[in-house]
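Treat the numbers as computed from the prediction; the structure is a model and nothing was measured. Chain identifiers are assigned alphabetically (A, B, ...) following the order of the sequence lines, protein sequences preceding nucleic acid strands; residue numbering begins at 1 within each chain.
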Number of protein chains: 2
Amino acid sequence: MVPKLWNETIEEHRRAVREAILDTTWTLVTERGLASVTMSQIAEKAGIGRATLYKYFPDVEAILFAWHERQITRHLEHLAALRGQPGEAGERLEAVLEAFALVSHRRGSHGVELSALLHRDERVAQAQQQLLDLIRDLLAEVAQTGDLRDDVTPEELANYCLHALTAAGNLPSTDAVRRLVTVTLAGLRPQR
Amino acid sequence: MVPKLWNETIEEHRRAVREAILDTTWTLVTERGLASVTMSQIAEKAGIGRATLYKYFPDVEAILFAWHERQITRHLEHLAALRGQPGEAGERLEAVLEAFALVSHRRGSHGVELSALLHRDERVAQAQQQLLDLIRDLLAEVAQTGDLRDDVTPEELANYCLHALTAAGNLPSTDAVRRLVTVTLAGLRPQR
DNA sequence: GATTTTCATAGACAAAATGTCGCTGTCAAT
DNA sequence: ATTGACAGCGACATTTTGTCTATGAAAATC
């Protein structure tokens, strides 16, 4: 799993080992379930000594934190790119929300499982906050155009959006995800 | 923690021990976090022998499953009672959704944490399904009155509701929870 | 009322997992 | 070429786990 001899620089090597640990751990979690994953198993499957593993992470939870942080960061980059594109604020909002819903849909109930479990972690919470900020700011933009209800703050609406869209994890088809986005957006519009 | 001598019937005693195990485990989880909770700790804190604990539950995960099942059952009874009261379908829907949101609000992020983690369990999934069914049926009733959008099935709308309302766990005040319910309901109404 | 059966409890043991220390060998800087 | 830094891992003490068995109290039977 991990190159035995260091062909690259040492820093690059450490990064590669770290990645391998993260991937291996995630594989084990999806295969055997969360509770049965041990440091011993991870080390063996990753092809490194158990003591070495402890040089990288203090325990299984820390590995899962790191894995989840990596996931969130990737998704954040994706969503930030969508948000930064040219166009109407309303359209960009829809694009971002749909992208988030599709991510939730792909990872199914597994991802939700962990994201909830790991909420307590400092860095994960921070990444989640960035996600919330991104939506909040976009909602504030939409508010400028008058296409947003004004009886609830963008902050609270962003919180509503993220939770509502995690429902995509339970849906069977991408069509259903589309409908979910539509419904969620309907909650945001100004009320007569 | 647990009565040493059996003053009650034996069945009653077992139930009491079981409850004590559930409560103790939950206390430990909230105090020290999920990963650090062991069967040894639980047995010690509950005041029973470790081997005895294994007669009740095979591992920590099973205890958490049971705890969560108990929680869901309690909430289900509460919500079912609200649903069965007399009155307009729309009003009962609002009452049920608000009650669910308040439950999510009270347990904060902790409860959500676990409810997600434990989704894989058979019985918990079943209980969650009952919750979904309850909302779905109520939504179908509302549909009869024409106060529900008809481009999405009650099934999917129920899924949307439950997830959107778990956002209450992140909210600071019950006023904010009220607003969340309002927004969520807005997503359900027929679109012009 | 005496007995037998049932079963809750916990002591004890083996196996597994954990966390750490120290030695070995490689990389990088001087 | 020498040396400091550090990745890797063997090995040990400790903790946790899972199970087996003995003890004794409650319930059932006679």
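When rounded to the nearest whole Å, the span between CD1 of A:Ile42 and P of C:dG19 equals 12 Å. For the pair B:Ile63 CD1 and D:dT17 P, the interatomic distance rounds to 10 Å; values are reported in whole Å. Rounding to whole angstrom units, CD of residue B:Glu61 and C1' of D:dT17 are separated by 15 Å. Across the protein-nucleic acid pair, A:Leu53 atom CG and D:dG10 atom P stand 14 Å apart, rounded to whole Å. Distance A:Glu12 CD to D:dA7 P: 14 Å, rounded to the nearest Å. For A:Ile21 and D:dA7, the CD1 to P distance is 12 Å, given to the nearest whole Å. As a whole-Å value, the separation of A:Arg14 CZ from C:dC27 P is 16 Å. In this structure, OH of B:Tyr56 is placed 13 Å from P of C:dC7, rounded to the nearest angstrom.
Listed pair B:Thr52 / C:dA8 fails the phosphate criterion, with no side-chain N or O lying under 4.0 Å from OP1 or OP2. For the OP1/OP2 pair of C:dT9 and a distance below 4.0 Å, the side-chain nitrogens and oxygens of B:His13 include at least one atom meeting the criterion.
Screening residues 155-170 of chain A for salt bridge (charged side-chain N to carboxylate O under 4.0 Å, His left out), with sequence neighbours left out, gives A:Arg136-A:Glu155, A:Glu156-B:Arg179. Within the structure, no pair that satisfies the salt bridge (charged side-chain N to carboxylate O under 4.0 Å, His left out) test touches residues 157-172 of chain B, not counting sequence neighbours.
Salt bridge annotation for A:Asp23-A:Arg18: absent, with no cationic side-chain nitrogen under 4.0 angstrom from a carboxylate oxygen.
Listed nucleotides D:dT17, D:dC9, C:dT9 differ in distance to A:Ile48; the shortest reach to its side chain belongs to D:dC9. For A:Lys55, whose side chain is taken as the heavy atoms from C-beta onward, the closest listed nucleotide among C:dT18, C:dA10, C:dG22 is C:dG22.
Remark: B:Arg14 engages no residue in a salt bridge (Lys or Arg N to Asp or Glu O under 4.0 Å) (not counting sequence neighbours). The salt bridge (Lys or Arg N to Asp or Glu O under 4.0 Å) search around A:Asp175 returns none, not counting sequence neighbours.
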Protein and nucleotides 14-16 of chain D: nitrogen or oxygen contacts under 3.5 angstrom:
none

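Here the rule is side chain to side chain contact (heavy atoms under 4.5 Å, CB included) with B:Val142, and of B:Leu93, B:Asp137, B:Leu157, B:Leu188 only B:Leu93 fits it.
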Donor-acceptor pairs are to be reported for all side-chain atoms of residues 72-87 of chain B against protein atoms at under 3.5 Å, with residues two or more places apart or in another chain.
unit_1, atom_1, unit_2, atom_2, d
B:Thr73, OG1, B:Glu69, O, 2.8
B:His75, ND1, B:Gln71, O, 3.4
B:Arg83, NH2, B:Glu141, OE2, 3.4

